[in-house]
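Everything below concerns the one structure shown next.
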Amino acid sequence: MEEIGFLGMGIMGKAMAMNLLRNGFKVTVWNRTLSKCDELKEHGASVGESPAAVVKKCKYTIGMLSDPSAALSVVFDKKGVLEEICSGKGYIDMSTVDAETSSKISEAVKEKGGDFLEGPVSGSKKPAEDGQLVILAAGEKRLYDEILPAFDVLGKKSFFLGEVGNGAKMKLVVNMIMGSMMNAFSEGLVLADKSGLSPKTLLDVLDLGAIANPMFKMKGPSMIQNSYNPAFPLKHQQKDMRLALALGDENAVSMPIAAAANEVFKKARSTGLGDLDFSAVYEIFKVTEPSA
Ligand SMILES: NC(=O)C1=CN([C@@H]2O[C@H](COP(=O)(O)OP(=O)(O)OC[C@H]3O[C@@H](n4cnc5c(N)ncnc54)[C@H](OP(=O)(O)O)[C@@H]3O)[C@@H](O)[C@H]2O)C=CC1
Ligand SMILES: O=CCCC(=O)O
């Protein structure tokens, strides 16, 4: 397979690029904060000096950036992707963004003759390290077929969802459900505790019943130890709730549960929890009102 460029060495980008290297791909990486490329370099990656330089060198370039503004910035800014993308090259944005952002990038890339694919992912740091992501791709089918060998390393399953925007929308729906579930879970843990029950026993009970799921199983034990080492930063989960609510707005879908969950995530951000794991929203439910 051709050399792959990778823009964005955050929690996910770093794990994904490392996984590609481990599986024999040649990778050139770039990150706004250059020092975050050091570990990749030690493992055999080349480092590009700008997104444009990476695209110039590589036939395929993947972006994994924090939010719509970052995703747009690496494409449209000076020394960005657009300066070097051209016919015969592909750009794959795997960041979680809204459909409008993805379409803007797609149109600009296509105008330069390049191919574009969006490919947001389900799964967090550990699945990224283990190549167990679920890839929600949409856009240029030819590029999808060409990049599949890399997707097969990054993920356990790839979906091709058709036109650009469908991957972004699917990802936002999934994360909207996840964020609402995390709120209900946190509320339940507090209710158990305040009612004199053991939260640990609640985890055991949940895990044996109809609502058992990997998220409760993985996050529950660390939450009851007040430990929130970030795998999926809370600020990104709140961004996804916000974008999902905007999608609901566009489609006149009433989303009272997600709206309430978003408010709690916003509160968590405003109290300085944004860089912790999204499960830190639990801390907000633990705060008790002074009794009257
Ligand atoms: N963590 C997770 O579990 C998952 C995250 N996602 C999504 O993947 C994306 C990345 O997430 P994650 O790796 O956790 O996030 P991080 O916050 O760890 O990393 C964000 C990355 O974006 C870069 N960045 C931010 N702003 C800019 C900018 N203006 N210009 C250029 N680069 C910028 C950062 O660079 P710098 O280092 O310089 O700040 C960093 O490389 C997000 O869209 C997130 O929603 C999807 C699935 C799971
Ligand atoms: O966007 C982040 C998703 C995290 C997960 O799917 O576990």
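Given the structure is predicted, the values throughout are model-derived calculations rather than measurements.
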Shared hydrophobic cluster for [X] and [Y] (ILVMFWY, side-chain gaps under 4.5 Å):
{"X": "M215", "Y": "V173", "result": "yes"}
{"X": "M218", "Y": "M182", "result": "no"}
{"X": "L40", "Y": "L34", "result": "yes"}
{"X": "M94", "Y": "I11", "result": "no"}

Just so I know, are the side chains of [X] and [Y] near enough to count as touching, which here means a heavy-atom distance under 4.5 Å?
{"X": "M64", "Y": "F6", "value": "yes"}
{"X": "E187", "Y": "L191", "value": "no"}
{"X": "F185", "Y": "M223", "value": "yes"}
{"X": "R242", "Y": "F265", "value": "no"}
{"X": "V264", "Y": "F285", "value": "yes"}
{"X": "D93", "Y": "S102", "value": "no"}
{"X": "M16", "Y": "L20", "value": "no"}
{"X": "M178", "Y": "Q237", "value": "yes"}

Determine the minimum heavy-atom distance between [X] and [Y], stating which atoms define it.
{"X": "L117", "Y": "E140", "result": "CD1-O, 3.5 Å"}
{"X": "V174", "Y": "S122", "result": "CG1-OG, 3.6 Å"}
{"X": "A138", "Y": "E163", "result": "CB-O, 3.4 Å"}
{"X": "P120", "Y": "S95", "result": "CB-O, 3.8 Å"}
{"X": "V47", "Y": "C37", "result": "CG2-CB, 4.0 Å"}
{"X": "P199", "Y": "D193", "result": "CG-CB, 3.9 Å"}

Transitive ILVMFWY cluster of [X], excluding itself - 4.5 Å side-chain cut-off:
{"X": "V97", "result": "none"}
{"X": "V74", "result": "L7, W30, V54, V55, L65, L72, V75, F76, V81, L82, I85, Y91, I105, V109, F116, V164"}
{"X": "M170", "result": "V134, L136, F159, L161"}

Would you say the side-chain atoms of [X] pair up with the backbone N or O of [Y], donor to acceptor, closer than 3.5 Å?
{"X": "K156", "Y": "P127", "result": "no"}
{"X": "K126", "Y": "A231", "result": "no"}
{"X": "T33", "Y": "K36", "result": "no"}
{"X": "N19", "Y": "V153", "result": "yes"}
{"X": "S195", "Y": "L197", "result": "no"}
{"X": "N213", "Y": "F216", "result": "yes"}

Value rounded to 0.5 Å, distance of [atom1] in [X] from [atom2] in [Y]:
{"X": "I62", "Y": "I147", "atom1": "CD1", "atom2": "CD1", "result": "5.0 Å"}
{"X": "S180", "Y": "M255", "atom1": "OG", "atom2": "CE", "result": "7.5 Å"}
{"X": "D98", "Y": "K169", "atom1": "CG", "atom2": "NZ", "result": "10.5 Å"}
{"X": "E250", "Y": "E100", "atom1": "CD", "atom2": "CD", "result": "7.5 Å"}

Quick check on [X]: does its [atom1] atom have over 12 non-hydrogen neighbours (other residues, nucleotides or ligands) under 6.0 Å away?
{"X": "K286", "atom1": "NZ", "result": "yes"}
{"X": "K14", "atom1": "NZ", "result": "no"}
{"X": "K56", "atom1": "NZ", "result": "no"}
{"X": "I257", "atom1": "CD1", "result": "no"}
{"X": "K79", "atom1": "NZ", "result": "no"}
{"X": "E146", "atom1": "CD", "result": "yes"}

Check: With K57, which of E84, E2, E3 fulfils salt bridge (charged side-chain N to carboxylate O under 4.0 Å, His left out)?
Finding: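 Checked E84, E2, E3 against K57; only one passes salt bridge (charged side-chain N to carboxylate O under 4.0 Å, His left out): E3.
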
Next item on the list: Would you mind telling me which of D277, D275, D67 makes a salt bridge (charged side-chain N to carboxylate O under 4.0 Å, His left out) with K235?
Entry: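 Only match with K235 under salt bridge (charged side-chain N to carboxylate O under 4.0 Å, His left out): D275.
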
Can a salt bridge be assigned to the pair E263 and K266 using a cut-off of 4.0 Å between side-chain N and carboxylate O?
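So E263 pairs with K266 through a salt bridge.
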
request  = For the residue pair S106 and E118, confirm or rule out a side-chain donor-acceptor distance under 3.5 Å.
outcome  =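 E118 and S106 do not have a side-chain donor-acceptor pair below 3.5 Å.
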
